[in-house]
Structures are given as C-alpha cells and as structure tokens.
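First up is the structure itself, then whatever we jot down about it.
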Number of protein chains: 2
Amino acid sequence: MDLNERKKLILQAIIDEYIGSAEPVGSRAVSKKHELGLSSATIRNEMADLEEMGYLIQPHASAGRIPSDAGYRFYVNSLMKRYKLGLETIEKLQHELAERVGMLDRTIKRAGFLTSVLTDYTTVVSAPVSERTEIKKIDLVPISDNAVMLIIVTRTVKNRLISTRLSFDECQKVAGILNACLREKSADEITMDTIHSIEAAISEKVPIEPKLIINVLHYVYEAVSELDDTEIYVQNAKSILQYPEYQDVNKARDIFTFLEDKQNLKKLIAGSGDDTEGVSAKIGDENDAEILKDCSLVTVNYSLDGKAVGKLGVIGPKRMNYAKVFASLDLISHEIDSLLGCFDDDR
Amino acid sequence: MDLNERKKLILQAIIDEYIGSAEPVGSRAVSKKHELGLSSATIRNEMADLEEMGYLIQPHASAGRIPSDAGYRFYVNSLMKRYKLGLETIEKLQHELAERVGMLDRTIKRAGFLTSVLTDYTTVVSAPVSERTEIKKIDLVPISDNAVMLIIVTRTVKNRLISTRLSFDECQKVAGILNACLREKSADEITMDTIHSIEAAISEKVPIEPKLIINVLHYVYEAVSELDDTEIYVQNAKSILQYPEYQDVNKARDIFTFLEDKQNLKKLIAGSGDDTEGVSAKIGDENDAEILKDCSLVTVNYSLDGKAVGKLGVIGPKRMNYAKVFASLDLISHEIDSLLGCFDDDR
DNA sequence: TATTAGCACTCAACTAAAATGAGTGCTAAC
DNA sequence: GTTAGCACTCATTTTAGTTGAGTGCTAATA
C-alpha cells in the first residue's frame, strides 16, 4: 500500500494533468510533459501498478488512466502542492469582504460569492448559528392603522408584519411586557407556558381586547420558534455547466434540483467536516448524497465567537483544483473570523 | 393583414401544436389531429399564405412551420383560449401563499416560487417599492460589549451591526435623538446636512466621544441610503434546462449568467408592462435584452396599497404555454393584492 | 534487474457515403 | 375551392470504414 517516491511523482503528475484536461492521461503525455527522465514504457508499467493498487482507473482498454476516488484522496492528503494566492488577489478580497461588514447576512453571502469568483466553483454558505440565541429586545411598531411590525433582536434581527389594530401607546405597553418577560431568554427556553403567562400579564395591565393579544402573541411565538433557522446560500451554481463532466443537461439539472432544496443543503452542510480544524474534503463516494457521488465537497468552518459557527463549502467535479480551493477557503474563513471578531465580547 | 376564420383556426392549431412539441408542424399533422375537415394539401396552401403574411416561418425547405414572433403576438392577443386553473390548485395555492404572510419578503418570494411550480418556468419577482419610504422608528440595541445593532423600521425593517462601544443608556439616548430627527422622514429627505444637525444635537445632549457618534451616524446614513433598494428574487432557473431550445449548455449558461446579475433583472423588471393593467407579455424581439430575444417574458404588477408596487414575471421559451402563464399570474397577483390588503390603511 | 524500443492489438471517435422519411410545392383532376 | 398524386428537398439516422491515441507484451539493452 505504500508508494515509492517515483510512483508518487507519477501519480501526482497524472492527477495534475487530469485536473487540467478532464481527459484520460496516457503514458506518453506523462513522460513528455513532466520531466521525470523516464520513457513511456516505464511509466506504463508504473501506471499498471498504480491501477492495481487502486489509485487509477482505465475507462476502457485503449484509453489513458484517470484517478480513482482513492487516488484523489491520496493526492489531497499527501501529494498536492500548496497553492499560493497572489498578494493583490488577497488584498482585493479583504477589501471587498470588509465592505459593509455590519450586515452580517450580506457579509456571509459575499464570502460565498467571493469564494465562487476565486475558485469558479459553486459555493454553499450557511449563516452562523448560535447554540443559544438570546433575545436582546422585542419591539412593536405601528406601521399603518391596520398593521404593526414585530421586531425581535438577537444577534440578528427577525421581523414580521402583523395585521392588527394597536395604537402607539398600546404597542409600547405590550412591548414593555414582552421585553420584561423574554429579554435574555433563549429561543428554546420559551414555551407555550411562557406565552400564556405573558398573555395573563398583558391582559392584567393593558386594557385591550384579548383577541388582539392572542393574535400578537401567536406571531411572537412563531417568530421565536424560527430564531434558530439557518439561512443557507448557494452561489454560482451555473459554474457547473462549464465543466465537461456536466455537459449533459440532465445531469446538470439533477444537481440544480438538489441544490435548490434547502433541506438537502442543511444535511450536506451539517454532515461535513464538523470535528475538523481547517479545510476538509469529501471526495466522490465519501459524500452521503447520491447525486454528489461524482463531485467533491470541500468545506471549512468559520466562527463568530466561540459559540456561533457557520460553514463555507465548495462543490465541484472530483477533478477540482483542490490546491486552490483549499487555499481559498483557508484564506476566506480566516478573513471572516477576524472581520467578525470585532463584534465579540472581550471577556 | 386580416385573417379569415379558417386561417385563424389553422394558425391556432399550429401554435398550439408547436407549444406542445417544439417541433416544426407539418400540414399532415394539422389536418389529422385537429378536426378541421380539410386535407393536408389545403392546409399546405393556407400555411403558405400564413408564412407570406409573416405569422409562420419555415426553418428549411422540407420542414414544417414554426410560429414567428408576429405569430405568437397574434396568438396571445386574439387566438389563445382561456386557461382554467383547477379549483383544488387554486385553493392549495391560496393556502400556501397565506401562510406566514407577515414576513413580507418571504411571502413575495413564495409567490414567485408558487408561480414557478404552477407553470414550470423561471420566475422573477421584485419586492414592493414605495415611492416614499417613511421612517417609523430607529433603534439602537447593544448586542455585546463591542457591538450595537442599528434597526431602522419603515414598511420593512433594515438592520446592521455596528462595531462600537455604547452602553444601554447611551444607546437609548442616541436612539431618542435619532427618532426625534428622522421619524416620519422619507429616505430622500435625509441628506448629509440632516446627519450633521443630528451630530450636533447628540454631542450637545449625550456625553460620549464624538468619534463614536460619527461612527454610528455613518452607518445610519448608509442604511438610510439603502432603504429604497429593491430585492429581486429569481426562482426555478433550472427549469430552463428542461426545454429543448436550451439543450445547448452554453446557451443555458448565458441565460443563467444574465439572471444572476441583479442589475439586468432590475432593468428587465423596470421596463416591462409598467403602464398596463393586468398581465402583459414581451415576446422574443420585443425584449430589450439581447439574450432574451428568443424568450418571452410575461409580467404582472401587484400592489401593496395605491403606492407600493412590485412585479412578478415569468421567463420561458417563446413557445411557452401563454394561456396557463397568463391565468397563473392573474390569479397570483390578485391573491397577493388581497392578502397584503389587510395591512393597508383604511382611509 | 530495471529500463526501453518495437510491435501487435484495442477501441472510442471521427468521417463519408447511403438510406430514410417528413414535409413541401406544383399540377391536374374533381 | 379542394384534393390526390408525385417529384423534389433536406435534416436526420444508419452504416461502414478510417484514424489515432493508448495499451500490454516481448525481447533487447544498460
């Protein structure tokens, strides 16, 4: 199972070549383009060995070799060269990412976007989730005679319009009670019981129709239950269409369909590289999703502080430019960490 | 230029057929499938006439006919039969659309989604824009020792995280002044001068570092300037891949690229059916965007009240099922109108 | 013993020619 | 005015043949 130096060099040459061309690599090409000082015949013998060992595959008798999943895995773990991003690329990226960093969702989205531009693959990015989403403030603001805006501030802001008739004063009073009861509570602490006790408190102190209270509280509860929902953004899905492995429209469509379903994405994002520090990859069959069996998914965690964590991932063909993707994800995740660091408590 | 009854029937039959098959329609097929009681030879003569009049095109000498842009236009204006959506479809749709109607953006997004499910084409939907976005409330909420959430409530809610050190009390005071100065102002009324006068007011009344004030106000101004930005959502873009006219991956990619750029979409949405009541279509060459020259765009306006208005559009191949698309857009736009009606003032 | 030149063999991909058939336009008869 | 009949057109499909990249094996070489 252990490869000698020459086999490693040859395997590396073949995979590098295949990543670039998407065509089976022949012995002659290896012996010519890569200066190993070996004839094609020798390479041929070594390739036969590498195939036997499971690192290469021959699509048909008279074709060159392509890497197997195991081949890619070995390449990622031990063979690939470090990719160095250009200084100006890095600076441009830092600059663009730092813009309007206050709009968290947008920053996260842009991180995905920039990754997709940098790598030219599809990216998936999940907004940070806290273990405990603590309510900082609740507010009710009348918008028209018939509508009141409910606003719940946590680390982010949720809002929804409620169709109800409450005056400015009534809103303030109800909001006061809501704040007294819910501030500093986390979403999972708030149950139907909590809501009922608030209902009692309001009807005691504020002279408004019980029906209106129930209506408002219904929405409060609904909004609170949604606090922990993660947003997930997919970007540059169209890039899939440029790779020869997806020239078949139906294959492409299957992937698009997969990527359109947030449920799939949540599973995907959840089940990848959780315990790992830094960038990690799932290659081909290592993916759980059937449809990604001939794709690779490379992910990295970023964090907002110790607790809140999100993920950034790249989806592409198995023969993706791993070196570049690894370098890009590494850079961007660190960039996010340091950018968002300024909002942390300094305990 | 005026068509007799028989020519109309034949043209209608041909377009209906072509919409279904995407294959040039021959005279024999028309005389067989559609019970006109005419032989293929007769149909052939009529088809030759229709071609001369500009309603049909013959891709090559020995092929059937396909509709020209003018043909589709005539079809949409005078020929197509009314499409009736099933009662259960309508009810299901009403039900799904009504869910969580308080989250405006989500409702709009879902309207687009449901349209895309109903029609199986790509949809574009713009969130409603008011002529004047009036500020209802501004708030500052401390999130951590180092971060304050700025919240601006209009008909919707904008928020952003500011990296600054302000205590709860300081936030309240600053927010009080912001509200006093900005409440009931619209975005275009707020200039740099307004901001400077607020700066003066704060430094007079609240004992905090001027640097912090400037920092916060900078973000306030930025957020206010963004108030009138419209969100635009594209959904079910992948549906493009299922139509034979887009089996060519490169064509598909061009459209995806087009749809990914919000600027394009804004122009698209802005320049379509503005003055029209009800559903309107842009067929092929009628579209401004070069890339949509062999697509059709069908749009409808929906309104939140007299002023705030958004658009819902369907993009598909020229041979789209216009009847169904018209019926769907009509239904959904009315549904939105009545759903969002409950938030209106009842002046 | 490791490497390489040489050669027969394989097989996908390309090419050219031939067959097919859907559809037309025209003419003459009804 | 309508239609049957027929010659003609031309994209598409089918077929057979050619090409060429690449392999595996063998025997010669360092």
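Naming convention: chains lettered A, B, ... in sequence-line order (proteins, then strands); numbering from 1 in each chain.
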(message) Quick one, F256(B) with F256(A), criterion ring-ring contact (aromatic ring centres under 6.0 Å, His included). Give me CA distance, side-chain angles, the key distance, then yes/no.
(response) CA-CA 12 Å; F256(B) 280 116; F256(A) 280 116; 5.1 Å; yes

(message) Just to verify, what does R73(A) make a salt bridge (Lys or Arg N to Asp or Glu O under 4.0 Å) with, not counting sequence neighbours?
(response)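 Once residues adjacent in sequence are excluded, the partners of R73(A) under the salt bridge (Lys or Arg N to Asp or Glu O under 4.0 Å) criterion are E286(A).
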
Between the side chains of [X] and [Y], does any donor sit under 3.5 Å from an acceptor?
X	Y	answer
H34(A)	Q12(A)	no
Y75(B)	D16(B)	yes
S296(B)	Y322(B)	yes
S40(B)	R28(B)	no

(message) Among residues 11-22 of chain B, which ones have heavy-atom contacts with DNA chain C below 4.0 Å?
(response)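 Hits under 4.0 Å, by residue number: none.
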
(message) What residues from residues 43-51 of chain B pass a heavy-atom cutoff of under 4.0 Å to DNA chain C?
(response)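 Per residue number, the list reads R44(B), M47(B).
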
Which atom of [X] lies closest to which atom of [Y], heavy atoms considered:
X	Y	answer
S31(B)	S39(B)	CB-C, 3.9 Å
R6(A)	T42(A)	NH2-CG2, 3.8 Å
I315(A)	C295(A)	CG2-CB, 4.5 Å

(request) Take atom CZ of R28(B) and atom C1' of dT2(D), then tell me their distance rounded to the nearest Å. (result)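 Distance check: R28(B) CZ to dT2(D) C1' gives 18 Å.
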
(message) In whole Å, I'd like the distance from the CG atom of L36(A) to the C1' atom of dA2(C).
(response)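 These atoms are roughly 16 Å apart.
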
(request) Could you go through the salt bridge (Lys or Arg N to Asp or Glu O under 4.0 Å) check for R319(B) and E245(B) one step at a time? (result) CA-CA 10 Å; R319(B) 53 161 202 101; E245(B) 30 276 88; 2.8 Å; yes

(message) Any base atoms under 4.0 Å from S27(A), or only sugar-phosphate, or nothing? Heavy atoms, all strands.
(response)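 Counting heavy atoms under 4.0 Å across all strands, the contact made by S27(A) is with sugar-phosphate only.
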
(request) For the residue pair Y55(A) and F74(A), categorise the inter-ring angle as parallel (less than 30°), tilted (30 to 60°) or perpendicular (more than 60°). (result)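 The arrangement is tilted - the two ring planes meet at 30° to 60°.
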
If you restrict it to nitrogen or oxygen atoms, what contacts under 3.5 Å exist between nucleotides 28-30 of chain D and the protein, and what is each distance?
none

(request) Apply ring-ring contact (aromatic ring centres under 6.0 Å, His included) to Y233(A) and F113(A), showing your working. (result) CA-CA 9 Å; Y233(A) 307 102; F113(A) 174 73; over 10 Å; no

(message) Tell me if the aromatic rings of F326(A) and Y83(A) count as close, with their centers under 6.0 Å from one another.
(response)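 No, the ring centres sit 6.0 Å or more apart.
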
(request) Test D288(B) against K267(B) for salt bridge (Lys or Arg N to Asp or Glu O under 4.0 Å), laying out the working first. (result) CA-CA 9 Å; D288(B) 299 322; K267(B) 257 187 248 165; over 6 Å; no

(message) I'd like to know if the side chain of D69(B) reaches the main chain of D285(B), judged simply by a donor and an acceptor atom lying under 3.5 Å from each other, with no hydrogens or angles considered.
(response)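 Yes, D69(B) side chain to D285(B) backbone: donor-acceptor pair under 3.5 Å.
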
(request) Return no unless some side-chain N or O of R6(B) is found under 4.0 Å from OP1 or OP2 of dT2(D). (result)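 So the side chain of R6(B) is within the cut-off, an N or O lying under 4.0 Å from OP1 or OP2 of dT2(D).
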
Pairwise N/O distances under 3.5 Å, protein to nucleotides 16-18 of chain C:
none

(request) Taking only heavy atoms on the protein side, list every residue of residues 57-68 of chain A lying under 4.0 Å from any atom of DNA chain D, sorted numerically. (result)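 Residues of residues 57-68 of chain A under 4.0 Å from DNA chain D: Q58(A), A61(A), S62(A), A63(A), G64(A), R65(A).
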
